[in-house]
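Encoded as structure tokens, the structure appears first; notes follow it.
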Number of protein chains: 2
Amino acid sequence: LIHLSAITRRFTVGDETVQALRGLDLSIAQGEYIAIMGPSGSGKSTLLNVLGLLDQPDSGHYLLDGRDVTGLDDDARALARREKIGFVFQSFHLVPRLSARENIELPMVLAGIDPAERTARVEVLLRDYGLTPRADHRPNQLSGGQCQRVAIARAMAMRPSLILADEPTGNLDRHTGQDVIALLEGLQAAGATLIIVTHDPELGRRAHRQLHMVDGEIVQDGR
Amino acid sequence: LIHLSAITRRFTVGDETVQALRGLDLSIAQGEYIAIMGPSGSGKSTLLNVLGLLDQPDSGHYLLDGRDVTGLDDDARALARREKIGFVFQSFHLVPRLSARENIELPMVLAGIDPAERTARVEVLLRDYGLTPRADHRPNQLSGGQCQRVAIARAMAMRPSLILADEPTGNLDRHTGQDVIALLEGLQAAGATLIIVTHDPELGRRAHRQLHMVDGEIVQDGR
Ligand SMILES: Nc1ncnc2c1ncn2[C@@H]1O[C@H](COP(=O)(O)OP(=O)(O)OP(=O)(O)O)[C@@H](O)[C@H]1O
Ligand SMILES: Nc1ncnc2c1ncn2[C@@H]1O[C@H](COP(=O)(O)OP(=O)(O)OP(=O)(O)O)[C@@H](O)[C@H]1O
Ligand SMILES: [Mg+2]
Ligand SMILES: [Mg+2]
């Protein structure tokens, strides 16, 4: 499904350059369940953003489903994302003036999904993520963990075949976190590729394969 | 130091009322080390916001250092906060157009601290929290865990006697999280009151006292 070869990503701040990804290679088959772990600042979110077509590498190539997506323009990348990728951001990126329900529905609205189908799907997602009593609350009327769950539910609305989740349980208690992971693992068991960035070693162990990053490189890749 | 009696906090959304804190009583002595735990949505951040004078209860009383702070106006609350309270927000609330260094310095600028003293203090904080190489980066040029550490460093800039930290290790790997907790525990050992909301049971166990919340109430309070 995914082939990254010699992926480099640099950021420049003033006259300093940060080597966020250093010539990284990675292959992932459809349906894999992978945890990405490593110290704060090691490049995990940057790698996930490249995988999710939210960021372009400075050099190297990204083959997604046999197609070179490295050089795509913004519109083509947005289309590829919308159709196959569900992305959960580390800082959620919810729309402040929309309710939880409206935030979750938004990808379906943009994709032109039939309103009756949209309504049915959002109610299932609200229920699955324990958000039904908070469906009409806006993000500033939600707890941190409720916002996190809205971000996850939104990412699942289009039934993506590639799920990229950046620290999806960081603001959740153990029990709620387990419920959320069970839902994501259910989607993976049904065929989705699940890639989770996590600082939780217990969650990392549940994955079938673990990547460890340090300073822009994958230093360990094992099962 | 802290006496909360019959503290109630409600939120209204449409014609629904959320009982975020339900007639809560709590006493905390100066210098205590307390963990607040409980399910997502149970009222932990709301309680911390009341303790930090960022939110006012609908009923009940808050005595802080023997003074009834429940009815204070905004200016009086801001002054009380600036002088004694260091607050770490669950969602950081950094100033987007300021660098990490400037964000950390901001409370000292507002308090009129001498520039030479400010510079000395911010360099120590940048070093302690592993941020020196990122001092000139703005929040959108920092990783999630780097943003979290800037938020913590900023809260410590005025050497507060009451530290309120809302999930301070949620975006940190184990090692970085341990470094951060060691710094906060050092301040508590030197006399500060340390109150941490956390979803991490291991961090909760390090505290000398644990409060467990469910649905707006403290259901357990033990050592
Ligand atoms: N401004 C608001 N308006 C309406 N409801 C609110 C508001 N702020 C919080 N709530 C609700 O009050 C309850 C308590 O929220 P709080 O943020 O204190 O929870 P929490 O224990 O910190 O949760 P988490 O672990 O997810 O951060 C939640 O159910 C939330 O939806
Ligand atoms: N836009 C940017 N400009 C400059 N530097 C950046 C930018 N984005 C990220 N960085 C830097 O690149 C490095 C990798 O960032 P990244 O967000 O990928 O880390 P991470 O592994 O996700 O960390 P965390 O666990 O703290 O979330 C960090 O040191 C960060 O400061
Ligand atoms: Mg990150
Ligand atoms: Mg909270």
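In this text, all values refer to a predicted model and were calculated from it rather than measured experimentally. Values reported hereafter were calculated over all heavy atoms of this structure, with side chains retained and with hydrogens, waters and symmetry mates removed.
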ask   = Is it the case that more than 12 heavy atoms not belonging to B:R174 sit under 6.0 Å from its CZ atom?
value = no
ask   = Are the side chains of A:R134 and B:V18 in touch, meaning some heavy atoms are under 4.5 Å apart?
value = yes
task = Heavy-atom pairs under 4.5 Å with chain B are the metric here; pick the option from A:G144, A:C147, A:S45 that has the most.
result = A:G144
Rounded distance (nearest 0.5 Å) linking atom OG of A:S91 with atom CD of B:Q148 = 12.0 Å
inquiry  = Can you tell me how far apart CE (B:M213) and CG (A:D173) are? Round to the nearest 0.5 Å.
reply    = 13.0 Å
inquiry  = Under a 4.5 Å cutoff for heavy-atom pairs, which residue among B:Q146, B:H137, B:M37 has the most contacts with chain A?
reply    = B:H137
key: Proximal component of B:E167, with respect to chain A [non-hydrogen, under 4.5 Å]   = side chain
query = Between A:D136 and B:V13, which heavy-atom pair has the shortest distance, and what is it?
reply = O-CG1, 4.1 Å
message = If I take atom CG from residue B:N171 and atom CG from residue A:N171, how far apart are they, to the nearest 0.5 angstrom?
response = 6.5 Å
note = Okay, A:T176 and chain B: the region with an atom under 4.5 Å from a heavy atom over there is side chain
ask   = Any chance CD of A:E123 has more than 12 other-residue heavy atoms, nucleotides or ligands included, within less than 6.0 Å?
value = yes
inquiry  = Taking NE2 in B:H208 as the centre, count heavy atoms belonging to other residues, nucleotides or ligands within less than 6.0 Å. Is the count above 12?
reply    = yes
key: B:R206, CZ atom: more than 12 neighbouring heavy atoms under 6.0 Å   = no
query = How many angstroms lie between atom NE2 of A:H199 and atom CG of B:D200, to the nearest 0.5 angstrom?
reply = 12.5 Å
key: Contacting moiety of A:R149, where chain B heavy atoms sit under 4.5 Å   = side chain
ask   = Which atoms of A:S40 come close to chain B, meaning under 4.5 Å heavy atom to heavy atom: side chain ones, backbone ones, both, or neither?
value = both
note = Cut-off 4.5 Å, heavy atoms of chain A, and the answer for B:P201 is side chain
